[in-house]
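Taking it in order: structure first as structure tokens, then the write-up.
Keep in mind the model is a prediction, meaning the values are calculated, not measured. Nothing fancy with the numbering, it's 1 onward along the sequence.
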Amino acid sequence: MADPHTPHSTRRQRLHELVLALVSQRELELLDEDGSGSSAAAQGNPASWLERNRRVVQRYQALVRSAATLDALVDQEAREHPSSHQL
């Protein structure tokens with residue numbers, strides 16, 4: 001079992017917290033499991049349902065990229081100014 005205090009697990013925890021903070025700032029849609037909750041399914045259009053789910057996944061991917069970027073910026077700032085940032 002991995003040590004919970006390794007740099008990798010610490011970074012992963014920070015990224016997780018950043019993603020949750022970003023998610024809390026927005027109302028995000030969830031994926032439709034079978035299209036039953038979407039208007040596309042009601043219209044009998046599975047292509048629209050798949051397209052909607054693709055857009056939802058892209059939004060989450062953008063959130064994860066944003067969290068990774070923010071984490072890298074915080075990490076860089078902490079390395080450049082170690083005495084001013086105690087996280």
Task: Lys/Arg N to Asp/Glu carboxylate O, Arg54 vs Glu51, below 4.0 Å - done: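 A salt bridge is present here (some side-chain N lies under 4.0 Å from a carboxylate O).
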- [ ] Salt-bridge test for Glu29 and Arg55: reply yes if a basic N is under 4.0 Å from a carboxylate O, no otherwise.
- [x]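 No salt bridge links Glu29 with Arg55.
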Could you give the distance from [atom1] ([X]) to [atom2] ([Y]), rounded to the nearest 0.5 Å?
X	Y	atom1	atom2	answer
Asp71	Arg12	CG	CZ	12.5 Å
His16	Ser9	NE2	OG	13.0 Å
Leu70	Asp75	CG	CG	12.5 Å
Leu15	Thr10	CG	OG1	11.0 Å

- [ ] Group every Ile, Leu, Val, Met, Phe, Trp and Tyr by side-chain heavy-atom contacts under 4.5 Å, then state whether Val57 and Leu63 land in the same group.
- [x]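 In one cluster with Val57: Leu63, yes.
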Task: In one Ile/Leu/Val/Met/Phe/Trp/Tyr side-chain cluster, 4.5 Å: Leu30, Val23 - done: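 Yes: a chain of side-chain contacts under 4.5 Å links Leu30 to Val23.
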Answer yes or no: is there a side-chain heavy-atom contact under 4.5 Å between [X] and [Y]?
X	Y	answer
Val64	Val19	yes
Arg11	His8	no
Leu31	Tyr60	no

- [ ] Report the C-alpha separation of Glu80 and Gln76 in whole Å, then their side-chain angles, then the decisive distance to 0.1 Å, and conclude whether the side-chain contact (heavy atoms from CB on, under 4.5 Å) test is met.
- [x] CA-CA 6 Å; Glu80 290 176 2; Gln76 177 184 352; 2.9 Å; yes
TODO: Check whether more than 12 heavy atoms from other residues, nucleotides or ligands sit under 6.0 Å from atom CZ of Arg59, and answer yes or no.
DONE: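 Atom CZ in Arg59 is crowded, with more than 12 foreign heavy atoms closer than 6.0 Å.
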Open item on the list: If I compare all heavy atoms of Leu22 with all of Ser66, which pair ends up nearest, and what's the gap?
Closed with: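 Distance-wise, the nearest heavy atoms are CD1-CB, 3.9 Å.
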Open item on the list: Checking side-chain polar atoms at under 3.5 Å, does Arg65 have a donor or acceptor matched by the opposite partner on Gln61?
Closed with: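 Their side chains do not contain a donor-acceptor pair, so the 3.5 Å distance test is not met.
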